[in-house]
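The figures that follow rest on heavy atoms only: side chains count, while hydrogens, waters and symmetry mates do not. By convention in this document, chain letters (A, B, ...) are assigned in the order of the sequence lines, proteins followed by strands, and residues within each chain are numbered from 1.
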2 protein chains.
Amino acid sequence: MAANSRMKNTHRPSRADGSRTSGLALPIARKIIELARRDHLPIGAHLPKHQLALAFHVSRSPVRAALECLEARGVVIQRRHRGYFLAADSRKLERVAAALGRHAEDEPYLRIAADRLAGKLPEQFTELELMRHYGVSRAQLHMMLTRMAQEGWLQRKPGYGWKFLPVLTSAEAHGLSYRFRMAIEPAAILEPTFRIDAKGFARARAEQQALVDGRIRELSSAELFSIGSRFHEMIARCSGNPFFHEALLRVNRLRRLIEYRAMGDTERFLQQAREHLRLLDLLEAGERERAAAFLRGHLEVVRAVKSTVLRSGARRRTRPKAEQTGSTAIAMGASHVHF
Amino acid sequence: MAANSRMKNTHRPSRADGSRTSGLALPIARKIIELARRDHLPIGAHLPKHQLALAFHVSRSPVRAALECLEARGVVIQRRHRGYFLAADSRKLERVAAALGRHAEDEPYLRIAADRLAGKLPEQFTELELMRHYGVSRAQLHMMLTRMAQEGWLQRKPGYGWKFLPVLTSAEAHGLSYRFRMAIEPAAILEPTFRIDAKGFARARAEQQALVDGRIRELSSAELFSIGSRFHEMIARCSGNPFFHEALLRVNRLRRLIEYRAMGDTERFLQQAREHLRLLDLLEAGERERAAAFLRGHLEVVRAVKSTVLRSGARRRTRPKAEQTGSTAIAMGASHVHF
DNA sequence: GATTGCATTTATCAGACATAAAATGCAATT
DNA sequence: AATTGCATTTTATGTCTGATAAATGCAATC
């Protein structure tokens, strides 16, 4: 989401290894590695600062910082007045990528979400309370709160304070999100502006095929969720209509918070990956109507399964008592506050 | 740009008439009048502070301020230790409501939007530039920028600065928003959780009937747009699925910025109001499938008309040259920036 | 001639304080 | 008993300053 695209890890910029990396440096370091991996850059490839800066839409300063960080990790080497050059093979790249990736970017955000789901936070609160509790700055907290409000599970009160909405905790809401997807995703395929994105299709196919071929067992449920979302979002983007894509992104941002604790079993997941491949086949064969119908069915099945899992999960878990407001009404559209 | 605009940063809350009303007071004053009008409260009706505060989800302080403001305008009178009582008939209420309503709440936001549409703002800018140019505080500006980012027509750059996306200025984007509505609105009617909201229906019917009966000539295009949006949003809310409602709200927030400069002629608008009434008839008769089909047709016609108007309008107007990026690609879903 | 390395400028962020406004408690009144 | 009116407390915003990071210009180098 655009709002917090720049995360600053201002929590002590100095790390254990002494390399002080802050601001954009780390994210850009990750991007450089990603670039090197995706384009299969050979060892010794030149990495011109200026072009990297251009590619990432930033100035050369953070790029330099990122390269210094990567040099400290042995991924690149600097040759005086000649620039930086790649110095790691793909194995090493993967290792470093993993190490860098571990620093969760929006860690406090996820912590709040988790605490909310676990019922550890009160229904209503003020900014100061959370600020103190999570030890983040006002600006950071404000960003997170705004983000949650935009995602639809937190609402600003007209005066002081915020309050949570029951969206996240309700199994019904989850089912409703699937109903919504059943409406927009097949429709996206049928849009007159729909065009297959060859590259995206190829990448998605490779990814799903890898799952079917066993990689599914190596991945965490969060990663599996991410792959699944990306797949559907790629298809929606092919609609050529950003409204469909954007709507799906929004739903998925919300789903991410609850669903990874309700992942089905591996067998089911394998079946989903196979269905994803089948969907790609249908689309590439130009059978848009059949693809749309197939996708609708696919979503309906997933909805039913997930719904069951979540519901039983909800029974097991103790629900925060403040939630029981008597109705299952989900006041999501609360973003249009009146002042 | 920023050269000619060294305006006062001090925002004086005091008004010409001397009544210093700030913060929530004004919005709440409006709400009180709205309440009195909607419930047809008689002159002399008691207005208990505590209950008003409860109804509006605020404390008694801003309610008191609002009542004092209303007393200054003769809408209510205070009787010592007995409280405030209504002292205006519906004619006077309407007049005062209009007077209060004139103070646009998000005036700078709309000004920025208008300037952007008129091509008066550069493609890229920094917060400081806009702050100086519009004379708003950083917090206010930040709120507006975040809002625009969420609405999908502004994007934060990874480092410093923001940049506009081409969404708003393109007639294509507008057409695509209607395609999206054609997908979700009929589907909303067909949701299994769809339930008619009797009160909402009655209010909508009265409003649309008033339009047909001639009120259409008294209203500004912005007001007409607002009524139209409300109608469709009310229907979507009946779906019982907040995702549909929320998605429509988002689309409409975006449409609002462009569409009121492309309102069709009165005759067309009258026709739309009649079709809205017909839709209510169908729904109340329980004919959901026919209603959905009818709504879809309704949207298709409106889309075609508006599209024509906008396109010719675009030809007349001089488009800012920075826009011509060669493609009509609408980078709305840009919210998924990668770091 | 492109690119680097460094220095300078500019923008944003964090912390602190003062201020405005909302929330809240309680005695007084009907 | 409910509600008001006032006083007090709490909360958030505006503004300032210093710190830090990003953007940018330019000489030096390959």
Q. Within a strict 4.5 Å, meaning less than it, do heavy atoms of the A/F56 and A/L24 side chains meet?
A. no
Q) Partners of A/Q124 by side-chain hydrogen bond (donor to acceptor under 3.5 Å, both in side chains), sequence neighbours excluded? A) A/K157
Q: Would you please confirm or rule out a distance under 4.0 Å between OP1 or OP2 of C/dA23 and any side-chain N or O of B/S59?
A: yes
Q.
I need the CG-C1' distance between B/L54 and D/dA2, as an integer number of Å.
A. 14 Å
(Q) Whether B/R138 and B/E127 form a salt bridge (side-chain N of Lys/Arg under 4.0 Å from carboxylate O of Asp/Glu) is what I want to check. (A) yes
**Q.** Rounded distance (Å) that lies between atom P of D/dT11 and atom CD of A/E127
**A.** 11 Å
Q. Atom CH2 of B/W162 to atom P of C/dT10: distance rounded to whole Å?
A. 22 Å
(Q) Both A/P62 and A/R132 contact DNA chain D. Which one's nearest nucleotide lies toward the 5' end? (A) A/R132
Q) What is the distance from CZ of B/F85 to C1' of C/dT30, rounded to the nearest Å? A) 10 Å
Q) Could one point to a donor on the side chain of A/S61 or the base of D/dA23 with an acceptor on the other under 3.5 Å away? A) yes
Q.
Side-chain N or O of A/Q51 versus OP1/OP2 of C/dA2: is the shortest distance under 4.0 Å?
A. no
Q) Can you list, by residue number, the residues of residues 42-49 of chain A that have a non-hydrogen atom closer than 4.0 angstrom to DNA chain C? A) A/H46, A/L47, A/P48, A/K49
(Q) If you assign B/R64 and A/Q78 each to the DNA chain C nucleotide with the nearest heavy atom, which residue ends up on the more 5' nucleotide? (A) A/Q78
(Q) Rounded to whole Å, please give me the gap between CZ in A/R79 and P in C/dT4. (A) 12 Å
Q.
Checking A/E94 now: which residues fulfil side-chain contact (heavy atoms from CB on, under 4.5 Å) with it, not counting sequence neighbours?
A. A/R37
Q: Nearest whole angstrom, please: distance from the P of C/dG5 to the NE2 of A/H50.
A: 14 Å
Q.
On a heavy-atom basis, which atom in B/L93 and which in B/A36 lie closest, and how many Å separate them?
A. CD1-CB, 4.0 Å
Q.
Rounding to an integer number of Å, can you tell me how far A/L24 CG sits from D/dT20 P?
A. 17 Å
Q: Check every strand shown and say whether B/Q124 touches a base, only sugar-phosphate, or nothing at a heavy-atom separation below 4.0 Å.
A: nothing
Q. Is a donor-acceptor contact shorter than 3.5 angstrom present between the side chain of B/T126 and the base of C/dA11?
A. no
Q) Among C/dG5, D/dA23, C/dA16, which is the nearest nucleotide to the side chain of A/R138? A) C/dA16
Q: Name all residues meeting the side-chain contact (heavy atoms from CB on, under 4.5 Å) criterion together with B/H57; count only those two or more places apart in sequence or in a different chain, and write none if there are none.
A: A/P158, A/K163
Q) Would B/R147 and B/E151 pass as an ion pair if we require N to O under 4.0 Å? A) yes
Q: Mark yes when over 12 heavy atoms from residues, nucleotides or ligands other than B/H46 sit less than 6.0 Å from its NE2; otherwise mark no.
A: yes
(Q) I'd like to compare against my own output: the B/S/- annotation of nucleotides 25-30 of chain D with a strict under-4.0 Å heavy-atom distance to protein. (A) BB--SS
Q.
Just the rounded figure in Å: distance from P of C/dA11 to CG of B/L145.
A. 15 Å
**Q.** A/R79 NZ/CZ over A/Y84 ring centroid, <6.0 Å and within 45° of normal
**A.** no
Q.
Once salt bridge (Lys or Arg N to Asp or Glu O under 4.0 Å) is applied, what residue pairs with a partner in residues 47-57 of chain A remain, sequence neighbours excluded?
A. none
Q. From C/dG15, C/dT12, D/dA23, pick the nucleotide closest to the side chain of A/V58?
A. D/dA23
